[in-house]
Amino acid sequence: MNFIVDAAVKAVKALYQADIAAADVNLQQTRKEFEGQVTIVTFPFVKFSRKSPEQTGQEIGAFIQNEVAEVSGFNVIKGFLNIVITDAYWIKQLYTEIASSGFGHFAPNGQKVMVEYSSPNTNKPLHLGHIRNNLLGYSVAEILKANGYEVIKANLVNDRGIHICKSMLAWQKFGHGETPESSTLKGDHLVGKYYVVFDQEYKKEIAELVAQGQTEVEAKKNAPLIIEAQQMLEKWEAGDKEVIDLWETMNSWVYAGFAETYKQLGVDFDQYYYESKTYLLGKDIIEEGLQKGVFYKKYDGSVWIDLTADGLDEKLVLRANGTSVYMTQDVGTAQLKYDQYHADKSIYVVGNEQDYHFKVLFLILQKLGKSWANGLYHLSYGMVDLPSGKMKSREGTVVDADDLMAEMEQTAKIQTEALGKTADFSETDKNQLYHMIGMGALKYFLLKVEPKKRLLFDPNESIDFQGHTGPFIQYTHARIRSVLKRSGFELNGQAATVTELADVELELVLSLNQFPETIAQAAKDYSPAIIANYVYELAKTYNKFYHEKSILQAEDEQSKQFRLTLSAATAKIINKSMRLLGIDVPERM
RNA sequence: GGUUGCAUAGCUCAAUUGGAUAGAGCAACUGCCUUCUAAGUAGUAGGUUCCAGGUUCGAACCCUGGUGCGACCA
């Protein structure tokens with residue numbers, strides 16, 4: 001729509017002798033109840049014209065219509081200049097742009113971006129909160145790719161620390177040598193089970209000590225289990241062979257389990273980082289910062305940064321005994337990532353509970369003079385809460401990722417079979433379809449909401465398959481493919497066959513035309529929700545068209561060919577949009 | 001205590017980044033399948049955009065002060 005903006009700039013210059021930039025022209029889609037396709041808001045120009053908004057609109061409208069061949073008319077309502085563009089323009093747009101294979105595909109922009117997401121702990125299986133994280137990370141990565149970035153998907157695995165030792169210790173004490181093979185439990189679930197066992201036994205010990213007269217705080221410190229777990233961590237850090245062997249064994253179980261979950265979810269990574277290898281990084285940078293005077297040492301030898309001038313607090317970056325805190329290793333890991341990839345941007349997909357942490361981290365890196373610190377971004381998202389409140393692994397009040405995915409598939413199966421649509425499907429095709437639909441419903445449910453908003457999930461209310469849902473969009477795609485298949489039509493550089501458009505057809509072309517700017521906006525905001533809402537609108541518009549206009553029994557051959565082109569283009573863009581969300585669409589359902 | 005995010009129809013969410021009469025889905029009610037897939041579609045009903053001020057041609061959106069829920073920092 002650049003030619004309209006240019007014409008508007010020209011109009012203001014010619015009519016009112018004022019120079020305005022293209023960005024000053026407020027262009028938007030015309031509301032459906034008015035005639036026209038694009039609207040210019042005239043209020044900002046009133047100060048140049050010194051006339052009423054209506055009059056200003058009339059003058060600019062007349063100028064543009066005269067200037068631009070594709071503009072066939074205009075109207076001004078309450079200061080809004082609605083511009084009518086010819087059907088011929090839109091038909092040409094459909095055939096030469098929208099239906100072409102490169103539509104919505106941006107050329108490489110030469111920039112590299114790293115997206116870190118998932119970042120699980122190896123002491124428990126993934127839950128619904130992780131699913132949101134994984135889907136967001138994967139989708140944002142795909143969206144950035146579509147915008148021309150080179151993307152590196154990274155996963156920083158938290159594979160060490162006291163929490164891991166808890167699982168290890170509980171397994172040693174109460175596991176009786178149980179393995180994934182012997183228990184038929186998925187590896188991550190087996191390890192997670194002992195994390196819960198630890199907590200239960202630990203609580204028993206605390207209760208006992210309290211009964212013996214200790215305070216709760218004392219008991220928590222003195223319980224034998226927690227002391228033993230701490231000793232285990234020390235042994236791990238000292239490289240004790242027995243502990244390391246156990247750690248490696250149990251981690252390998254967890255990784256096998258995660259691999260399966262990731263596969264089901266359809267996410268992947270280009271680069272793994274392990275905290276067991278990065279947790280000692282960053283100390284040299286702290287030293288460097290001390291030299292530069294960015295940090296200061298307290299009397300006890302601990303190292304701090306004073307961020308009070310930036311509205312934050314003083315923050316510890318190295319303990320008095322020289323050991324790291326989270327901040328230390330995050331500083332080090334950021335440097336490691338940059339040295340390795342020199343990415344222009346680096347995105348951390350992490351929950352909003354860590355907003356403060358990342359604010360501090362980025363600020364520290366900036367103060368250290370790291371040129372790349374400006375490219376860091378924390379994609380913060382809201383927690384997934386249950387009606388009962390926050391999910392807690394230790395207390396077992398979580399919606400397990402594997403369970404939920406299996407349930408969704410099962411529901412998809414029941415619903416599909418009730419509709420009797422898969423009678424002639426092979427067993428493999430059926431399972432593939434149920435997986436596609438179940439995951440489509442789940443993924444769409446999580447991604448259609450703005451990332452920063454927190455999400456309520458009620459396990460007792462199943463995720464819908466009708467209305468504003470993934471399956472609705474998948475269904476629309478399958479429906480189009482069915483029509484195309486009957487006619488044997490595929491997009492293949494056909495020439496335009498009609499010269500006029502019906503209202504629903506025009507509406508559909510306009511919606512399709514929005515695709516590239518939608519992708520750009522989604523990347524700018526790091527928001528898959530923008531794509532999700534767009535593709536829903538598109539599917540709805542198509543269904544309206546489908547309902548009103550017969551395709552295969554069109555009035556004449558020209559209309560039929562045109563509607564097939566329109567349908568094929570819609571199917572393609574639905575497919576592309578859904579792929580950006582990590583959702584597959586079926587040929588039949 | 002300090003910092004920060006959120007608050008829109010009974011419920012779940014939108015609103016082209018300050019634009020026209022705030023839109024969808026679910027739930028409720030009424031139509032449309034011997035015609036391209038009814039997981040669809042057409043319609044009815046549902047609103048003091050948390051409250052009170054302010055900024056301007058125009059505020060759900062920006063500013064100030066509250067209220068409620070959450071998170072984080074001590």
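Note on naming: letters A, B, ... go to the chains in the order of the sequence lines (proteins, then strands), and numbering restarts at 1 for each one. Remember, predicted model here, so these are calculated numbers, not experimental data.
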*Asks:* Atom CG of A/Asp525 and atom P of B/C61: how far apart are they, to the nearest Å?
*Replies:*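 Answer to the nearest Å: 19 Å.
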*Asks:* When you measure from the side chain of A/His547 to the backbone of A/Lys544, do you find a donor-acceptor pair of N or O atoms at a distance under 3.5 Å?
*Replies:* no
*Asks:* Quick one: is A/Arg486 getting a side-chain N or O under 4.0 Å of the B/C36 phosphate, OP1 or OP2?
*Replies:*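 Answer no for this pair, as no side-chain N or O of A/Arg486 is under 4.0 Å from OP1 or OP2.
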*Asks:* Syn if the chi torsion is within 90° of 0, anti otherwise; quick check, which is B/C33?
*Replies:*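 Syn, since the glycosidic angle lies within 90° of 0.
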*Asks:* Starting at CZ of A/Phe74 and ending at P of B/A20, how long is that distance when rounded to a whole Å?
*Replies:* 22 Å
*Asks:* Mapping A/Glu537 and A/Leu419 to their closest nucleotides on RNA chain B, which lands nearer the 5' end?
*Replies:*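 The answer here is A/Glu537.
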*Asks:* Could a donor-acceptor pair under 3.5 angstrom be found where the side chain of A/Asn82 meets the base of B/A20?
*Replies:*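 Such a pair is found, so the answer is yes.
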*Asks:* Work out how far the C1' atom of B/U34 is from that of B/A28, and round it to whole angstrom.
*Replies:* 32 Å
*Asks:* B/G68 and B/G19: how far apart are their C1' atoms, nearest whole angstrom?
*Replies:*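 Each nucleotide's C1' atom is 30 Å from the other's.
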*Asks:* Between A/Lys544 and B/G40, is there a side-chain N or O to OP1/OP2 distance below 4.0 Å?
*Replies:* no
*Asks:* Looking at the side chain of A/Gln29, which of B/A39, B/U16, B/U37 is the nearest nucleotide?
*Replies:* B/U16
*Asks:* Ring of A/Phe472 versus six-membered ring of B/G40: centres under 5.5 Å and planes under 30°?
*Replies:*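 According to the criterion (under 5.5 Å, under 30°), no, A/Phe472 does not stack.
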*Asks:* Touch check for A/Gln521, heavy atoms < 4.0 angstrom, all strands: base, sugar-phosphate only, or nothing?
*Replies:*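 Here A/Gln521 touches the bases of the nucleic acid.
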*Asks:* Over all strands shown, is A/Thr416 touching base, sugar-phosphate only, or nothing at heavy-atom distances under 4.0 angstrom?
*Replies:*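 Here A/Thr416 touches the bases of the nucleic acid.
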*Asks:* Ignoring hydrogens and geometry, is there a side-chain-to-backbone donor-acceptor pair from A/Asp300 to A/Ser302 under 3.5 Å?
*Replies:* yes
*Asks:* Reckon A/Lys421 touches a base, only the sugar-phosphate, or nothing at all at heavy-atom distances under 4.0 Å?
*Replies:*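 Base contact - A/Lys421 has a heavy atom under 4.0 Å of at least one base atom.
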*Asks:* Measuring centre to centre across the rings, with the benzene-like ring taken for any Trp, is A/Phe545 within less than 6.0 Å of A/Tyr542?
*Replies:*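 Yes, ring centres under 6.0 Å apart.
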*Asks:* Using a cut-off of 4.0 Å on non-hydrogen atoms, how would the nucleic acid contact of A/Thr39 be classed: base, sugar-phosphate, or nothing?
*Replies:*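 Result for A/Thr39 = base.
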*Asks:* For RNA chain B, which consecutive runs of 3 or more Watson-Crick or G-U pairs (each distance under 3.5 Å) count as stems?
*Replies:*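 Detected stem regions: B:1-7 with B:67-73, B:10-13 with B:23-26, B:28-32 with B:40-44, B:50-54 with B:62-66.
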*Asks:* Could you check, using the six-membered ring where one of them is a Trp, whether A/Tyr536 and A/Phe472 have ring centers closer than 6.0 angstrom?
*Replies:* yes
*Asks:* Between A/Tyr434 and A/Thr422, do the side chains contain a donor N or O and an acceptor N or O under 3.5 Å apart?
*Replies:* yes
*Asks:* Hey, do the aromatic rings of A/Tyr348 and A/Phe358 have their centres closer than 6.0 Å?
*Replies:*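 Yes; A/Phe358 has its ring centre under 6.0 Å from that of A/Tyr348.
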*Asks:* Does A/Tyr377 have its ring centroid less than 6.0 Å away from the ring centroid of A/Tyr526?
*Replies:*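 For A/Tyr377 and A/Tyr526, the ring centres are under 6.0 Å apart.
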*Asks:* Taking the side chain of A/Asn533 as heavy atoms from C-beta outward, which of B/A24, B/U37, B/A14 is closest to it?
*Replies:* B/A14
*Asks:* Could you tell me whether the side-chain ring of A/Tyr546 sits stacked on the base of B/G40, using a centroid cut-off under 5.5 Å and a plane angle under 30°?
*Replies:*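 According to the criterion (under 5.5 Å, under 30°), no, A/Tyr546 does not stack.
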*Asks:* Quick one: classify the glycosidic conformation of B/U17 as syn or anti, with syn meaning within 90° of 0.
*Replies:* syn
*Asks:* Measure the distance between the ring centre of A/Phe80 and the centre of the six-membered base ring of B/A20, then answer whether it is under 5.5 Å with planes under 30°.
*Replies:*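 Yes; by the centre-distance and plane-angle rule, A/Phe80 counts as stacking on B/A20.
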*Asks:* Need to verify one output field. Residue with the more 5' nearest nucleotide on RNA chain B, A/Gln466 or A/Phe545?
*Replies:*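 Closer to the 5' end of RNA chain B: A/Phe545.
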*Asks:* To the side chain of A/Ser482, which of B/U37, B/U41, B/A39 is closest?
*Replies:*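 Nearest listed nucleotide: B/U37.
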*Asks:* Expressed in whole Å, how much space separates the C1' atoms belonging to B/C69 and B/G25?
*Replies:*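 These two C1' atoms come out 25 Å apart once rounded.
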*Asks:* Scan side-chain atoms only and decide if A/Asn513 and A/Gln93 contain a donor-acceptor pair under the 3.5 Å cut-off.
*Replies:*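 Yes - a donor-acceptor pair under 3.5 Å links their side chains.
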*Asks:* Using atom C1' of each nucleotide, how far apart are B/C61 and B/U44 to the nearest Å?
*Replies:* 31 Å
*Asks:* Determine the Euclidean distance between corresponding P atoms of B/G18 and B/C63; express it in Å to zero decimal places.
*Replies:*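 Rounded to whole Å, the distance is 11 Å.
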*Asks:* Taking atom P in both B/A45 and B/G40, what distance in whole Å separates the two?
*Replies:* 23 Å
*Asks:* Side chains of A/His127 and A/Val399: closer than 4.5 Å at any heavy-atom pair?
*Replies:* no
*Asks:* Using a cut-off of 4.0 Å on non-hydrogen atoms, how would the nucleic acid contact of A/Ile437 be classed: base, sugar-phosphate, or nothing?
*Replies:* base
*Asks:* So A/Asp310, base contact, sugar-phosphate only, or nothing? Heavy-atom distance under 4.0 Å.
*Replies:*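 Nothing, no heavy atom under 4.0 Å.
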*Asks:* Checking the side chain of A/Ser52 only, and the main-chain atoms of A/Gln55 only, is there a donor and an acceptor separated by less than 3.5 Å?
*Replies:* yes
*Asks:* Please give, in whole Å, the distance from B/C13 P to A/Ile530 CD1?
*Replies:*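 Whole-Å distance recorded here is 17 Å.
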*Asks:* Please measure how far the C1' atom in B/U30 lies from the corresponding atom in B/G46, and state the result in whole Å.
*Replies:*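 Roughly 16 Å separates the two C1' atoms.
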*Asks:* Output the single nucleotide from B/G40, B/U16, B/A24 whose closest atom is nearest the side chain of A/Tyr536.
*Replies:*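 Selected nucleotide: B/A24.
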*Asks:* Within this structure, what is the CZ-to-P distance between A/Phe43 and B/C57, rounded to whole angstrom?
*Replies:* 10 Å
*Asks:* Ring pair (Phe, Tyr, Trp, His ring centres under 6.0 Å) between A/Phe74 and A/Phe63: does it pass, once the steps are laid out?
*Replies:* CA-CA 10 Å; A/Phe74 69 92; A/Phe63 184 94; over 10 Å; no
*Asks:* What is the distance, rounded to the nearest whole Å, between atom NE2 of A/His547 and atom P of B/G43?
*Replies:* 11 Å
*Asks:* Taking the same atom, C1', in B/A14 and in B/G31, what whole-Å distance lies between them?
*Replies:* 27 Å
*Asks:* Reckon A/Arg481 has a side-chain N or O less than 4.0 Å from the OP1 or OP2 of B/U37?
*Replies:*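 For B/U37, neither OP1 nor OP2 has a side-chain N or O of A/Arg481 closer than 4.0 Å.
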*Asks:* From the options B/A7, B/U41, B/U16, select the nucleotide whose nearest atom is closest to the side chain of A/Asn543.
*Replies:*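 Given the options B/A7, B/U41, B/U16, the side chain of A/Asn543 is closest to B/U41.
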*Asks:* Side-chain N or O of A/Lys452 less than 4.0 angstrom from OP1 or OP2 on B/C6?
*Replies:*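 Yes.
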*Asks:* One character per nucleotide, please: for nucleotides 67-74 of chain B, 5' to 3', B when the base has a protein heavy atom closer than 4.0 Å, S when only the sugar-phosphate does, - otherwise.
*Replies:* --SSSSS-
*Asks:* Specify whether A/Phe457 and A/Phe445 have parallel, tilted or perpendicular ring planes, treating 30° as the upper limit for parallel and 60° as the lower limit for perpendicular.
*Replies:*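 Because their plane-to-plane angle is over 60°, the rings of A/Phe457 and A/Phe445 count as perpendicular.
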*Asks:* To the side chain of A/Phe465, which of B/A39, B/U37, B/C13 is closest?
*Replies:* B/A39
*Asks:* Would you kindly give the CZ-to-P distance between A/Phe445 and B/C11, to the nearest whole Å?
*Replies:*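 Atom CZ in A/Phe445 sits about 15 Å away from atom P in B/C11.
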*Asks:* Which is true for A/Lys549 with a 4.0 Å heavy-atom rule: it touches a base, it touches only sugar-phosphate, or it touches nothing?
*Replies:* base
*Asks:* Can a donor-acceptor pair be found, under 3.5 Å and without considering hydrogens, that links the side chain of A/Ser511 to the backbone of A/Glu507?
*Replies:* no
*Asks:* I need the OH-P distance between A/Tyr444 and B/G25, as an integer number of Å.
*Replies:* 12 Å
*Asks:* In whole angstrom, give the distance that lies between atom NZ of A/Lys78 and atom C1' of B/C57.
*Replies:* 12 Å
*Asks:* Name the nucleic acid region contacted by A/Val449, choosing base, sugar-phosphate or nothing; use a 4.0 angstrom heavy-atom cut-off, strictly under.
*Replies:* sugar-phosphate
*Asks:* Please report the shortest heavy-atom distance between A/Gln474 and A/Pro586, naming the atom on each side.
*Replies:* CB-CD, 3.7 Å
